[in-house]
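Down below is the structure, laid out as structure tokens.
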Protein chains: 2
Amino acid sequence: MFRIDNQSRTPVFEQIVKQAEEYVRTGILNPGDKLPSIREMTSLIGVNPNTIQKAYNELDRRGVTISVAGKGCFISKNISEVMKSAAIGKLPEFERLVKELIDSGIAEKELTDIIKKVSSK
Amino acid sequence: MFRIDNQSRTPVFEQIVKQAEEYVRTGILNPGDKLPSIREMTSLIGVNPNTIQKAYNELDRRGVTISVAGKGCFISKNISEVMKSAAIGKLPEFERLVKELIDSGIAEKELTDIIKKVSSK
DNA sequence: TAACTGTACTATGTGTGTTAGTACAGTTAT
DNA sequence: ATAACTGTACTAACACACATAGTACAGTTA
């Protein structure tokens with residue numbers, strides 16, 4: 001379920017965070033689901049427990065998960081609202097990227113076509 | 001012309017690269033234009049010459065500029081093709097971002113509206 | 001009680017970014 | 001030729017983030 005790319009320049013803890021969020025968006029992880037325990041995850045993907053802990057702390061901080069000592073790390077009950085507002089926060093980044101692409105000579109239609117393609121899936 | 005944000009987590013050399021590219025896209029910098037010399041830039045924005053050199057090397061590597069010992073660092077003659085193909089290389093990133101936003105509950109129209117807004121400027 | 005869970009430390013090694021300083025080589029104007 | 005500029009190429013040192021290693025503590029569950 002979780003895969004780490006050691007060649008990537010993206011920090012391992014960040015790869016874990018991004019994958020967890022992606023699994024949430026795609027419905028692989030749902031509200032209340034339990035993530036593998038820190039020690040389980042350690043043996044699953046072969047990274048240090050501290051690195052896993054850092055990832056879980058970050059997920060907690062973002063409201064994606066809620067960790068409870070003794071129980072585990074669980075996907076938030078209101079995860080869809082959390083992801084939605086996170087997405088809204090990324091719209092300025094989206095606009096910046098669009099501006100960059102348009103200014104570089106990419107046609108408007110090329111971008112809207114990509115949106116159509118993604119939406120229709 | 002060049003501004004460095006020391007609070008940003010983005011490396012200084014990368015900030016310089018990004019700003020140079022943005023000035024190119026917006027027509028502030030044009031083919032054949034000369035960038036400030038490394039030593040000039042040092043006093044302009046108060047960072048180490050080595051950091052400027054690193055930024056200029058990266059711009060050269062990307063084909064944005066051509067540095068000539070004794071003369072300076074100049075915007076490439078075929079800069080528009082360079083920027084265009086760089087933009088094409090970023091389309092997968094664009095698609096990933098679109099997918100993430102759509103999956104998070106952002107409406108297709110919200111994204112196309114942003115594209116329209118940016119394009120019409 | 002035993003076995004699990006997350007949490008909180010300290011210490012260490014590694015890589016990257018930045019600064020500092022020096023030296024060398026090519027270009028331009030005088 | 002000389003002076004003053006240009007980019008280039010190093011070595012050294014420091015700071016910071018990431019990751020690993022190890023230990024200990026506290027809450028939960030069977």
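By convention in this document, chain letters (A, B, ...) are assigned in the order of the sequence lines, proteins followed by strands, and residues within each chain are numbered from 1.
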Using whole Å, what does the distance between atom [atom2] of nucleotide [N] and atom [atom1] of [X] come to?
X        : N       : atom1 : atom2 : answer
Ile4(B)  : dG17(C) : CD1   : P     : 14 Å
Ile52(B) : dC5(D)  : CD1   : P     : 18 Å
Ile38(A) : dC4(C)  : CD1   : P     : 15 Å
Asn50(B) : dC14(D) : CG    : C1'   : 14 Å
Met41(B) : dT8(D)  : CE    : P     : 14 Å
Gln53(B) : dG17(C) : CD    : C1'   : 14 Å
Gln15(B) : dT18(C) : CD    : P     : 8 Å
Ile45(A) : dC18(D) : CD1   : P     : 16 Å

Between [X] and [N], does any side-chain N or O lie under 4.0 Å from OP1 or OP2?
X        : N       : result
Ser37(A) : dC4(C)  : no
Asn57(A) : dT7(C)  : yes
Lys71(A) : dT29(D) : yes

Flag, side chain of Gln53(B) to backbone of Ile38(B), donor-acceptor distance under 3.5 Å: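 No, the answer is negative, given that no donor and acceptor are paired below the 3.5 Å cut-off.
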
Side-chain donor or acceptor of Gln15(A) paired with backbone N/O of Thr10(A) under 3.5 Å: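 Such a contact is found between Gln15(A) side chain and Thr10(A) backbone.
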
Consider the side chain of [X], meaning its heavy atoms from C-beta on, and name the nucleotide among [options] that approaches it most closely.
X        : options                   : answer
Arg39(B) : dG21(C), dA23(C), dT18(C) : dA23(C)
Val47(A) : dT6(D), dG6(C), dT20(D)   : dT20(D)
Cys73(B) : dG6(C), dA21(D), dG7(D)   : dG7(D)
Asn48(A) : dA8(C), dT8(D), dA21(D)   : dA21(D)
Ala69(B) : dT20(D), dA19(D), dG7(D)  : dG7(D)

Pro11(A) or Val68(A), whichever maps to the more 5' nucleotide of DNA chain D: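 The 5'-side residue here is Pro11(A).
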
Toward the 5' end of DNA chain D, by each residue's nearest nucleotide, Lys54(A) or Gly72(B):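 So the residue in question is Gly72(B).
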
Check every strand shown and say whether [X] touches a base, only sugar-phosphate, or nothing at a heavy-atom separation below 4.0 Å.
X        : value
Glu40(A) : sugar-phosphate
Glu14(A) : nothing
Ser67(A) : sugar-phosphate

Partner nucleotide, any strand, of dC5(D) [Watson-Crick/G-U, under 3.5 Å]: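 Pair assignment: dC5(D) / dG26(C).
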
Partner nucleotide, any strand, of dA30(D) [Watson-Crick/G-U, under 3.5 Å]: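 Paired with dT1(C).
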
base_contact_polar (dG17(C) base, Arg9(B) side chain, donor-acceptor, <3.5 Å):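 Checked by distance alone, the answer is no.
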
Validation row, ring centre Tyr23(B) to ring centre Phe2(B) under 6.0 Å: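 Yes, the ring of Tyr23(B) comes within the 6.0 Å limit of the ring of Phe2(B), centre to centre.
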
Short N-O contact, Arg62(A) and Glu58(A), less than 4.0 angstrom: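 Result for this pair is yes, salt bridge flagged.
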
The single option from Arg25(B), Glu93(B), Lys90(B) passing side-chain contact (heavy atoms from CB on, under 4.5 Å) against Leu101(A):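 With Leu101(A) as partner, Arg25(B), Glu93(B), Lys90(B) yield a single side-chain contact (heavy atoms from CB on, under 4.5 Å), made by Lys90(B).
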
Aromatic ring pairing Phe94(A)/Phe94(B), orientation class (parallel under 30°, perpendicular over 60°, tilted between):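 Judged by the thresholds at 30° and 60°, the geometry between Phe94(A) and Phe94(B) is parallel.
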
